[in-house]
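Just dropping this structure here.
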Amino acid sequence: MSPAAPSSTSPLLDWRVRFGALALIWGFSFLFIKVGTEGFAPFQVTFGRLLFGTAVLAAAIAVKRDRLPRGARVWGHLAVAALLLNALPFSLFAYAELTIPSTLAGICNATTPLWGMALSLVALSEDRPTRVRAAGLGIGFVGVLTVLGAWQGFSGLDVTGTALALLASFSYAVGWIYVRRTLSGTGVSNLSLAGSQVGLATLQLAVVTPLFTTVPESVELLPLLSVVALGTLGTGYAMLLQYGVVAEVGPTTASMVTYFIPVIATAAGVALLDEHLTWNTPVGALVVLAGAALTQTRASRRAAPPTTVPQPAAVPAETPPRAASRA
């Protein structure tokens, strides 16, 4: 995302405060998912977060009087982006957290830059392989193996849940590459594109959810509040915060929020959900983040600048080169 033109008025909050709020919101998203699945089916959690997120973004679009995208081609690409960046990864994380702790889900989310770099070497000509980036990819996946405890046969971990979380991160990477190749240069604001994308993802879940779930016999307050917070804060308000931070300090600094998300997700899971933490989890997470940081280094100062693309409406989440992510 390219920085916006400087505003003529000073923001109410310093960008560092908004940056910290953004990291907290996306870090806590994994806790909200975990609590939400205690009262709702995973598809219902995803539908709820998308619905509330769409409401926030639609209100912002209305206030700013942005125009919606035009043309069947653009809407078709947005529908694919909605699937890859919202409907699919959000649902996969919700299903994953039925059997794995929120701490592990947050760390799996941090692997998105690794998947993105590996894919971009093939799909995007401006992302050329370098020794540093290749080393980052290798280091990052060593970190993944450390988190999973590969030397002890992944004992104590639910293989299916972990695989779903990693697949969600992979979906973010694929989706970002798709967006960069199909939706740059549309002439529509990032907010309008992202709001339309989340709206389409909501429609997709509105079709899928009734086919695989039934209406809950009772609605518990805490899971309901978690889904509301996940949508309004993690999918709606957080995106608005990110736009402001990117416009003020640029995409490179803004993308650093990615490295705080698994730390906050781990702290929240351990402190508030009493999730067990062994030594290899934080150590492996640090290795993953170090590798991810290396994969985002530029090969040359003459490399082409990133094109303007809509920010992903996910998740805590996810991180193609030079872009932040959330689930």
Side-chain angles (χ1 to χ4, degrees), residues 25-26 28-59 61 75-100 102 105 108-109 158 160-172 174-175 178 193-239 310 312-318 325-327:
I25 290 171
W26 280 341
F28 269 84
S29 291
F30 296 97
L31 181 146
F32 292 147
I33 293 172
K34 189 72 172 181
V35 176
T37 55
E38 294 176 356
F40 300 97
F43 276 136
Q44 292 170 342
V45 172
T46 302
F47 175 69
R49 76 177 292 185
L50 287 170
L51 182 63
F52 288 111
T54 297
V56 171
L57 293 172
I61 291 172
W75 281 99
H77 289 316
L78 281 172
V80 176
L83 174 65
L84 294 174
L85 289 172
N86 304 114
L88 180 59
F90 287 3
S91 299
L92 288 173
F93 271 122
Y95 271 102
E97 291 199 42
L98 290 176
T99 56
I100 67 172
S102 63
C108 287
N109 181 73
D158 181 80
T160 300
T162 305
L164 290 177
L166 290 173
L167 183 59
S169 300
F170 180 78
S171 181
Y172 283 142
V174 174
Y178 181 85
L193 285 171
S196 300
Q197 175 187 307
V198 177
L200 288 172
T202 304
L203 293 177
Q204 292 169 356
L205 262 294
V207 173
V208 172
T209 301
L211 299 178
F212 296 94
T213 66
T214 57
V215 178
E217 296 181 358
S218 62
V219 177
E220 299 180 19
L221 181 60
L222 193 56
L224 176 61
L225 292 177
S226 293
V227 172
V228 173
L230 188 61
T232 57
L233 296 177
T235 308
Y237 182 61
M239 291 188 63
V315 126
E318 84 129 319
S325 89
R326 73 279 303 173

Can you tell me if Thr37 uses its side chain to pair, donor with acceptor, with the backbone of Leu98 under 3.5 Å?
->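 It does not hold such a pair.
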Can you name the nearest heavy-atom pair linking Pro223 to Glu38, along with the distance?
-> CG-C, 4.4 Å
Side chain to side chain contact (heavy atoms under 4.5 Å, CB included) partners of Pro216, counting only residues at least two apart | Phe40, Gln44
Sequence-distant partners of Ser102, side chain to side chain contact (heavy atoms under 4.5 Å, CB included), two or more places apart | Phe30, Lys34, Glu97, Leu273, Glu275
Mind checking the CG-CD spacing from Asn86 to Gln197? Nearest 0.5 Å is all I need.
-> 4.5 Å
Sequence neighbours excluded, which residues qualify as side chain to side chain donor-acceptor pair (under 3.5 Å) partners of Thr202?
-> Thr54
Where the side chain of Ser226 meets the backbone of Leu222, is there a donor-acceptor pair that is under 3.5 Å apart?
->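 Present.
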For Ile100 against Asp158, the heavy-atom pair lying closest together | CG2-O, 4.0 Å
Side-chain donor/acceptor pairs under 3.5 Å, residues 87-94, sequence neighbours excluded:
{"unit_1": "Ser91", "atom_1": "OG", "unit_2": "Ala87", "atom_2": "O", "d": "2.7"}

For Thr160, check side chain to side chain donor-acceptor pair (under 3.5 Å) against everything at least two apart and list the hits.
->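 With sequence neighbours excluded, Thr160 shows a side chain to side chain donor-acceptor pair (under 3.5 Å) to no residue whatsoever.
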From Val228, Leu57, Leu230, residue fulfilling side-chain contact (heavy atoms from CB on, under 4.5 Å) relative to Phe52 =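 That would be Val228.
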Which atom pair, heavy atoms only, marks the closest approach of Ala82 to Leu200?
->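 Here Ala82 and Leu200 meet closest at CB-CB, 4.0 Å.
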For Phe170, which residues count as a ring pair (Phe, Tyr, Trp, His ring centres under 6.0 Å) partner, sequence neighbours excluded?
-> Trp115
Under the side chain to side chain contact (heavy atoms under 4.5 Å, CB included) test, which residues partner Ser196, sequence neighbours left out?
-> Leu68, Pro69, Trp75, Leu78, Ser192
Residues in ring pair (Phe, Tyr, Trp, His ring centres under 6.0 Å) contact with Tyr95, at least two apart in sequence or another chain |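 Once residues adjacent in sequence are excluded, the partners of Tyr95 under the ring pair (Phe, Tyr, Trp, His ring centres under 6.0 Å) criterion are Phe43.
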In chain order, what residues pass the side chain to side chain donor-acceptor pair (under 3.5 Å) check against Tyr178, with sequence neighbours excluded?
->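 With neighbours one apart ignored, the set is His77.
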